> 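Please see the structure below; I have some questions.
In listed order, ligands and their atoms are each counted from 1. Just so we're clear, the structure is a prediction, and the values are computed from it rather than from any experiment. In this chain, numbering begins with 1 at the start of the sequence shown. Side chains are part of it too, since the values below use all heavy atoms of this structure and drop only hydrogens, waters and symmetry mates.
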Amino acid sequence: MELNDAKLKQAVDFHGHLCPGLMIGFKAGQVALEELGVARSADEELVAIVETDACSIDAIQTLTGCTAGKGNFLIKNYGKQAFTVGNRNNGQAIRVALKYGALDFEENVDKEVRVKELYNKPAEDIFTVEKLDIELPPKAAIRDSVQCANCSEPVMETKARLKEGEVLCISCFKEGS
Ligand SMILES: [Zn+2]
Ligand SMILES: [Zn+2]
């Protein structure tokens, strides 16, 4: 399949291959951004909550700019191809979920054909889309670090543990228990 769609190419580069799962995330992410009327998130103004840990979520990350590292990408693995994207600036959120049976293909159709079919299929044939009224998770806080009394490495204050008056990181705390 020719990749003359720059955003799709970006998703494929990040994920490593082009598969039906990635295409589902790509289409779902596009729908969510369109419905919200926003572009990719440079900072933390968008937040994504995904209900699977499969291929699709890599496309959601590259498309929406919500990433695990920025703290505005939350995985609630319920085993569902469902993706919520919210806009912190106005509180709007859109949930895009795969319709039951939307991935029924004829048997023995190879992967490339499926990907192409998905790409060309109208999004409304694949997903249900709903506006959500939810409390969006707060922005990631910047926390101070403290020094572990055992390994001497810095550890985020909120993750440190206290044991017999000593501040320990979780790995040292577990080792000693
Ligand atoms: Zn994949
Ligand atoms: Zn330690």
> With the Zn ion (ligand 1) at the apex, how many degrees lie between NE2 of His17 and NE2 of His15, rounded to 10 degrees?
90°
> Can you tell me if NZ on Lys99 sees more than 12 non-hydrogen neighbours from other groups inside 6.0 Å?
yes
> Given SG of Cys19 on one side and SG of Cys55 on the other, what angle do they make at the Zn ion (ligand 1), to 10°?
100°
> Before moving on, can you tell me the angle at the Zn ion (ligand 2) between the SG atom of Cys169 and the SG atom of Cys148, to the nearest 10 degrees?
110°
> Mark yes when over 12 heavy atoms from residues, nucleotides or ligands other than Lys121 sit less than 6.0 Å from its NZ; otherwise mark no.
yes
> If you count heavy atoms of other groups shown closer than 6.0 angstrom to CD of Glu130, is the number above 12?
yes
> Would you find more than 12 non-hydrogen atoms of other residues, nucleotides or ligands less than 6.0 Å from Lys70 atom NZ?
yes
> Calculate the angle formed at the Zn ion (ligand 2) by SG in Cys151 and SG in Cys172; 10° precision is enough.
110°
